[in-house]
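One structure below.
Residues take their numbers from the sequence shown, with the count starting at 1.
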Amino acid sequence: MKTALHLRDYEELLNNEDIYCLLALSSCANRAFGTCSKAFIKLEALEDLTEEAKEEYQELAMDIFVKYSPKDSRSNRAECTSCETMIPDWCGVCPSCGTKFPVCIVTGRPLMDLSSVWTCLTCHHRAYEQDVAMRQNCPFCHANINVT
């Protein structure tokens, strides 16, 4: 689900229906029904969809949200390093102050504590050191890594 959330940053490059279908599917499987609901709202608002496709999404959303309240059941939160607001662990930008956090390429979590971050010497993407400790290759570019 975290990876699907990051796809929203690429709406101008990727097919929006694909982005929000993946987000709806992954958030539903993750029992994050609030996020799932927002993905369905985006799907139903897409202008390039046929009325038949929009109706199918509406029916599917109705089937899901009759059974489950559109609320996210998980509440893993982290503290924003700039304003100390508690934000969801999948959020890459603080909704209060707008601080943007780099994303761990292993877990998709925002990198809040940059003192324990590993940076790939080839692609320069980052991850928490404990998440790459047992890996031999960068999960992004597959270059050999040396964790010290």
Side-chain angles (χ1 to χ4, degrees), residues 1-49 53-54 56-57 60-61 63-65 67-148:
M1 180 179 106
K2 292 176 187 176
T3 303
L5 283 162
H6 292 296
L7 291 176
R8 297 176 304 174
D9 295 336
Y10 302 96
E11 284 184 350
E12 68 280 349
L13 300 172
L14 301 172
N15 179 303
N16 286 345
E17 185 178 10
D18 292 343
I19 291 171
Y20 291 103
C21 280
L22 282 170
L23 185 53
L25 178 64
S26 61
S27 58
C28 185
N30 202 36
R31 305 192 64 78
F33 297 111
T35 304
C36 182
S37 174
K38 291 175 188 167
F40 273 108
I41 290 169
K42 285 284 202 174
L43 282 168
E44 294 167 14
L46 291 176
E47 294 177 4
D48 56 340
L49 288 183
K54 287 182 183 183
E56 287 179 17
Y57 286 129
L60 182 55
D63 289 346
I64 293 169
F65 300 118
K67 294 178 185 174
Y68 304 101
S69 176
K71 296 178 186 173
D72 290 344
S73 61
R74 294 185 57 213
S75 61
N76 292 345
R77 296 190 176 274
E79 187 177 282
C80 174
T81 55
S82 296
C83 70
E84 300 179 356
T85 300
M86 296 303 287
I87 61 173
D89 72 345
W90 47 261
C91 195
V93 179
C94 176
S96 295
C97 68
T99 300
K100 187 168 182 159
F101 301 101
V103 177
C104 175
I105 57 172
V106 177
T107 65
R109 293 180 299 161
L111 298 169
M112 302 287 201
D113 178 15
L114 297 179
S115 67
S116 62
V117 169
W118 166 85
T119 302
C120 178
L121 298 175
T122 303
C123 69
H124 305 288
H125 284 86
R126 298 181 253 187
Y128 282 114
E129 287 177 346
Q130 72 264 19
D131 294 329
V132 293
M134 301 303 290
R135 295 178 181 269
Q136 295 179 1
N137 301 91
C138 170
F140 194 82
C141 72
H142 307 290
N144 287 333
I145 62 175
N146 295 319
V147 179
T148 56

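With rounding to the nearest 0.5 angstrom, the NE2 atom of H125 is 9.0 Å from the SG atom of C120. Taken from SG in C138 to CH2 in W118, the straight-line distance is 4.0 Å, to the nearest 0.5 Å. Expressed to the nearest 0.5 Å, how far NZ of K71 lies from OG1 of T35 amounts to 14.0 Å. Atom CG of N16 and atom CD of E12 lie 9.0 Å apart (nearest 0.5 Å). Rounded to the nearest 0.5 angstrom, T3 OG1 and L22 CG are separated by 10.0 Å. Note that the CG atom of L25 and the CG atom of N30 stand 11.0 Å from one another [nearest 0.5 Å].
Nearest heavy-atom pair, T81 versus M112, reported as atom, atom and distance to 0.1 Å: CG2-O, 3.3 Å. Minimum interatomic distance between P139 and H142 (heavy atoms only, all atoms of both residues): O-CE1, 4.0 Å. Counting all heavy atoms, side chain and backbone alike, V106 lies closest to R135 at CG1-NH2, 3.4 Å. Contact between F101 and I87 at its shortest, heavy atoms only, is CE1-CD1, 3.8 Å. Taking both residues in full, the closest heavy atoms of F40 and I64 are given as CE1-CD1, 3.7 Å, listed atom of the first, atom of the second, then distance. Shortest non-hydrogen contact noted between R109 and Q130 is NH2-NE2, 4.1 Å.
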### Task
Walk me through it: do Y57 and L49 pass the test side chain to side chain contact (heavy atoms under 4.5 Å, CB included)?
CA-CA 10 Å; Y57 286 129; L49 288 183; 3.7 Å; yes
### Query
Could you walk me through whether Y20 and E44 pass the side chain to side chain contact (heavy atoms under 4.5 Å, CB included) check?
CA-CA 10 Å; Y20 291 103; E44 294 167 14; over 6 Å; no
### Test side chain to side chain contact (heavy atoms under 4.5 Å, CB included) applied to D72 and M1, step by step
CA-CA 12 Å; D72 290 344; M1 180 179 106; 5.7 Å; no
### Task
Apply the test side chain to side chain contact (heavy atoms under 4.5 Å, CB included) to residues S82 and C94: give CA-CA distance (whole Å), side-chain angles for both, the deciding distance (0.1 Å), then the verdict.
CA-CA 9 Å; S82 296; C94 176; over 6 Å; no
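Enclosure of atom CG in L14 by more than 12 non-hydrogen atoms of other residues, nucleotides or ligands within 6.0 angstrom is indicated.
Using a 4.5 Å heavy-atom threshold, the side chains of N144 and N137 count as touching. Residues L23 and L7 form no side-chain contact, since every pair of their non-hydrogen atoms from C-beta on lies 4.5 Å or further apart. With a 4.5 Å cut-off on side-chain heavy atoms, L114 and R126 count as touching. Proximity of I19 to K42: side-chain heavy atoms (C-beta onward) are nowhere separated by under 4.5 Å.
A parallel orientation is assigned to the rings of Y68 and F33, their planes being inclined by less than 30° (bins at 30° and 60°).
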